[in-house]
Amino acid sequence: MEILPGAVHIGLSLALSAFAADAAAGQAIHFVRSGATGAGDGSSWADAFPELVPALAVAQPGDQIWIAAGAYTPAAGGIDREARFLLPSGVGLYGGFAGGELTLGQRDPATHVSALSGDLLGDDALGADHLADNSRLVVYAEGTSSGTTLDGLVVRAGHDNDPYSILPAGMKVQAGSVTLRACTFEQNSGSVGALVCNAEGTTVIDACLFRDNQGLLGTGAIKVNHAHVLDIRNSSFLGNTGAAYGGAIRHMISKTTIRNCLFSGNRTTVQSGLGSGGAALHAYGGNLEVVNCTFVNNVSAGTWTSAGCLWSYNSAVTFTNCVVWGNESGAVVDGQDEFDLVVGVWGGLTVDHCLVEGWAGQFEGWNTLGLDPLLVDPLGPDGVAGTLDDDCRLRPGSPAIDSGDAAVLPYDDYDADHDGDTVEPLPLDLRLVGRLEDDPDTADLPFTVAPVVDRGACEFSRWANLGHPLGGAKTPCLVGFGSWIPGETLGLRITGTAPHAFGFLFGGVTLLEHAFAGGVMVPFPQLALGLATDATGSLTAEVVLAPNAPSQTTLYAQVWFVDAAGPHGFTATNAVSGTVE
Ligand SMILES: [Ca+2]
Ligand SMILES: [Ca+2]
Ligand SMILES: [Ca+2]
Ligand SMILES: [Ca+2]
C-alpha cells in the first residue's frame with residue numbers, strides 16, 4: 001500500500017472548484033425535468049422537457065435521456081390509459097438526477113427518484129379502487145437494439161384489469177433487446193405484474209429490484225418466452241404475487257440465467273390445477289440456470305402440483321450454489337416443499353452444492369445438503385417476508401460458508417466493481433461485498449483452494465457495505481476483506497478510480513451521515529491516510545489487526561479521491577464497516 005507520510009486528524013474541507021465535465025461526447029443528451037419552465041426543448045437542465053414523451057420522440061440511436069427526479073406518465077399529463085412510453089432503439093434513459101448534474105456518475109437514484117408511472121391521476125395512495133384509471137402498460141420496447149437501456153429508474157403503477165389481456169402492466173419487450181440496470185419495478189398489476197420479454201432478443205437485468213408486483217392472471221414479476229434470452233443478476237424479488245405459474249418469474253421455452261439474486265416472500269395464490277406452479281419460479285421448456293441465489297419464505301397455495309421454490313416441466317434446469325430454505329407449498333412432493341419436477345419428455349433438474357430444506361437426494365445433484373443455512377434474520381425487524389429489511393446473510397458457522405463451486409461463477413460481464421475487468425469471476429455478491437471471500441473460521445472442503453465461494457446470494461463477510469458512493473468521471477468501489485479477529489489479517493480493496501488517483505482514506509468509529517451531492521460521508525473523519533491507486537485505478541492494502549484491538553468496536557471507512565468531474569472536484573467510494581470480534 002502506498003501510504004503517504006503521517007496519519008493526520010483533519011476536518012473535511014471541500015474546495016469548491018468549478019469544473020466542466022465532458023458528458024458523453026459525440027452523443028446528444030436530452031434533458032427531462034418535471035416542472036421545467038425554460039424553452040422546453042431538452043437542450044439543457046434549464047431548458048429541459050417537462051415531460052418524458054417528447055424526449056423519446058426526438059432521441060436518435062446513441063443518444064441519452066437524462067431524467068430528473070419526479071413522476072412522469074406515458075400520457076404526458078393526460079388520461080389516456082392506452083398511452084405507453086415507446087422506447088426508441090439504442091437510446092439510454094437515465095434517472096436519479098436532482099437536475100443540474102454534469103455526469104452520469106453524479107446521479108443518486110436512491111435520493112432523487114425518477115419514476116415512469118402509470119398513476120395518471122396521481123391518486124393511487126387513496127386506495128386500490130383508484131387503480132382502474134391507471135395506464136394499462138407503462139413502457140413498451142419493440143425491435144430495440146442491445147444498446148437500449150433503462151438505468152436508475154422506477155417503473156411503477158401500471159394496472160391492467162382486463163380479464164382477457166395478456167399484457168404485463170409495467171413493461172413489455174417484444175422481439176428486441178434491453179438492458180435494465182439499477183431499476184425498480186414496483187406496484188404494477190396486470191395479467192403479468194412487472195415485465196414480459198417475448199420472442200427473439202436479449203434482456204439483461206442487473207442490480208434491479210422487483211417488489212410488490214401482482215400478476216392478476218399469471219406471474220407476479222417477469223414472464224419470458226419464445227426464444228428470448230434473459231440474464232438476471234444481483235437483483236432482488238421481494239413480495240411479488242402471481243395468481244398462477246410463478247410468484248416471481250415464469251420461464252417458457254427460453255434461455256434464462258439467474259445469478260446472485262434473492263427471492264423472498266413471493267407467492268402464488270391459485271389453489272388447484274397445473275397453474276399453481278412455483279412460488280418463486282415456474283419453468284416450462286428451454287434452459288434455466290440458477291447460480292448463487294437465495295430462496296426463502298416463498299409460499300405457493302397450490303394443493304395439487306406446486307412448489308415453494310420451483311415448479312418445472314420439460315425444462316433443463318440447474319441449481320448451483322443456492323440456498324433454498326423455508327419455502328412452502330400446499331402440495332408436498334417427495335417429502336419436501338421446495339421443488340416440483342413434473343417429468344416430461346426431456347429436461348430435468350440438477351441441484352449441485354445447494355442447501356435445500358427437506359433434501360434427501362430426491363433429485364439429481366452433487367454435494368447438496370439438507371442443512372439449515374443459518375440466515376441472519378430472513379423476516380427482518382418487521383416480521384414480514386419479502387420486504388426491504390429481510391436480512392438473508394449467513395450467520396457464523398453456516399454450512400453455506402466456503403462450500404460452493406467457484407467454477408460456476410459467471411464472468412463480471414457488467415463490471416460490478418468498475419475496474420474495467422469483465423473476464424474476472426463475478427467479484428461482488430448481491431450486497432456488493434466481496435464474492436470470493438475466505439472465512440478463516442471455516443475449514444475448506446478437500447480439494448478446494450481458498451477463497452471458496454459460499455452458497456446463496458450473500459457471501460459471508462465480517463464487513464458490511466454501507467453504500468452511498470459519490471461518482472464523477474468514474475465511481476470508485478471499496479470492498480473490505482479478511483477477519484476482524486485481533487491478530488488476523490484484514491484489508492481494503494479499491495477499484496474503479498482514474499489511473500494513479502490520489503485520495504484520502506477516512507476512518508472513524510462514529511457515523512457522520514452527512515448528505516453531500518448524492519453521496520454520504522459515513523465515517524466521522526477521525527483519521528485520514530493519503531494514498532494513491534495504481535495504473536489500473538486499483539489498490540489493495542492489508543494490515544494485521546492489533547491483538548489488543550477493543551472487542552465490539554465498529555470501524556467505518558470510506559475513500560475520497562480528487563476527480564475534476566466529481567461534485568466540487570471529489571469522488572468517493574461506498575463506505576464499509578466492520579466490528580472487532
Ligand atoms: Ca390511479
Ligand atoms: Ca421483512
Ligand atoms: Ca467464502
Ligand atoms: Ca470487474
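Each residue takes its place number in the sequence, starting with 1.
- Here the side chains of Ile249 and Phe263 are in contact, with some heavy-atom distance below 4.5 Å.
- When the options Leu195, Thr148, Asp206, Leu153 are evaluated for a side chain to side chain contact (heavy atoms under 4.5 Å, CB included) with Leu180, the one that passes is Leu195.
- Using a 4.0 Å cut-off between a side-chain N of Lys or Arg and a carboxylate O of Asp or Glu, Asp417 and Arg493 do not qualify as a salt bridge.
- Atoms CG and OG1, on Asp563 and Thr497 in that order, are 9.0 Å from each other to the nearest 0.5 Å.
- The main-chain N or O of Leu478 is found under 3.5 Å from a side-chain atom of Asn574 such that the two form a donor-acceptor pair.
- Put simply, the side chain of Asp382 never gets that close to the backbone of Asp390: no donor and acceptor are under 3.5 Å apart.
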Exercise. Taking it one step at a time, do Leu388 and Leu209 satisfy side chain to side chain contact (heavy atoms under 4.5 Å, CB included)?
Worked result: CA-CA 10 Å; Leu388 289 173; Leu209 168 64; 3.8 Å; yes

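- In this structure, the side chain of Ser235 engages the main chain of Cys208 through a donor-acceptor pair within 3.5 Å.
- Taking CD1 of Ile232 as the reference point, atom CD1 of Ile205 lies at 4.5 Å (rounded to 0.5 Å).
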Problem set entry | Test log, rule side chain to side chain contact (heavy atoms under 4.5 Å, CB included), inputs Asp231 and Tyr414 | CA-CA 11 Å; Asp231 178 3; Tyr414 314 126; 2.5 Å; yes

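- Side chains of Tyr556 and Gln558: a donor-acceptor N/O pair is absent below 3.5 angstrom, by distance only.
- Of all heavy-atom pairs spanning Arg33 and Ala68, the tightest one is CG-CB, 3.7 Å.
- Contact annotation: the side chain of Leu426 approaches that of Asn234 to within less than 4.5 Å [non-hydrogen atoms, C-beta and beyond].
- Annotation for Ser34 and Gly70: closest pair CB-CA, 4.5 Å, computed over non-hydrogen atoms.
- Aromatic ring pairs are classed by plane angle as parallel below 30°, tilted from 30° to 60° and perpendicular above 60°; the pair Trp66 and Trp45 is tilted.
- Arg393 and Cys458 make their closest contact through CA-CB, 3.9 Å (heavy atoms, listed as atom of the first residue, atom of the second, distance).
- Residue Thr573 holds its OG1 atom at 9.5 Å from CH2 of Trp560, rounded to the nearest 0.5 Å.
- We find that Arg233 and Asp413 are joined by a salt bridge, their nearest charged nitrogen and carboxylate oxygen being less than 4.0 Å apart.
- Between the CG atom of Leu409 and the CD atom of Glu424 there is a distance of 11.0 Å, given to the nearest 0.5 Å.
- At least one donor-acceptor pair under 3.5 Å links the side chain of Asn260 to the backbone N or O of Leu428.
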For this session: Assess whether salt bridge (charged side-chain N to carboxylate O under 4.0 Å, His left out) is satisfied between Asp151 and Arg107, documenting all intermediate values.
Result: CA-CA 11 Å; Asp151 186 324; Arg107 296 177 299 151; 3.2 Å; yes

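- Once rounded to the nearest 0.5 Å, the distance linking CZ of Arg435 with CG of Asp412 reads 13.0 Å.
- A distance-only check finds no donor-acceptor pair linking the side chain of Ser236 to the backbone of Leu238 [under 3.5 Å].
- Of the possible donor and acceptor atoms, none in the side chain of Thr422 sits under 3.5 Å from a partner among the backbone N and O of Asp415.
- Rounding to the nearest 0.5 Å gives a distance of 13.0 Å between CZ of Arg156 and OG of Ser135.
- Looking at Asp419 and Ser538, their side chains never bring a donor and an acceptor atom within 3.5 Å of each other.
- A side-chain donor-acceptor contact under 3.5 Å links Asp63 to the backbone of Gln60.
- Looking at heavy atoms from C-beta onward, Arg462 lies in side-chain contact with Glu581 at the 4.5 angstrom threshold.
- Here the closest heavy-atom approach between residue Pro378 and residue Val296 is recorded as CB-CG2, 3.9 Å.
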For this session: Step by step, work out the side chain to side chain contact (heavy atoms under 4.5 Å, CB included) result for Phe237 and Ile222.
Result: CA-CA 10 Å; Phe237 295 81; Ile222 301 175; 3.7 Å; yes

Problem set entry | Stepwise side chain to side chain contact (heavy atoms under 4.5 Å, CB included) check, Thr257 with Arg259 | CA-CA 6 Å; Thr257 52; Arg259 299 181 274 216; 3.6 Å; yes

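- Contact annotation: the side chain of Leu490 approaches that of Trp484 to within less than 4.5 Å [non-hydrogen atoms, C-beta and beyond].
- Considering only heavy atoms from C-beta on, Leu527 stays 4.5 Å or farther from Phe504 through its side chain.
- At a cut-off of 3.5 Å, with distance as the only test, no side-chain donor of Asp119 or Ser117 sits close to an acceptor on the other residue.
- Side chain to side chain, Ser145 and Ser89 meet the donor-acceptor criterion of an N or O pair below 3.5 Å.
- Judged by distance alone, with hydrogens and angles left aside, the side-chain atoms of Asp429 form a donor-acceptor pair with the main-chain N or O of Glu459 at under 3.5 Å.
- In terms of heavy atoms, Val178 sits closest to Ala141 at CG2-CB, 3.9 Å.
- The shortest heavy-atom contact between Val32 and Ala55 is CG2-CB, 3.6 Å.
- Using modelled atom types, one side-chain atom of Gln106 and one backbone atom of Ala565 make a donor-acceptor pair closer than 3.5 Å.
- Taking 4.5 Å as the limit, every side-chain heavy atom of Leu56 sits out of range of all side-chain heavy atoms of Val91.
- Counting heavy atoms from C-beta outward, Gln64 and Thr149 have side chains that stay 4.5 Å or more apart.
- Under the 4.5 Å side-chain criterion, counting only non-hydrogen atoms from C-beta, Leu104 is in contact with Phe97.
- In this structure, the side chain of Asp402 does not engage the main chain of Asp438 through any donor-acceptor pair within 3.5 Å.
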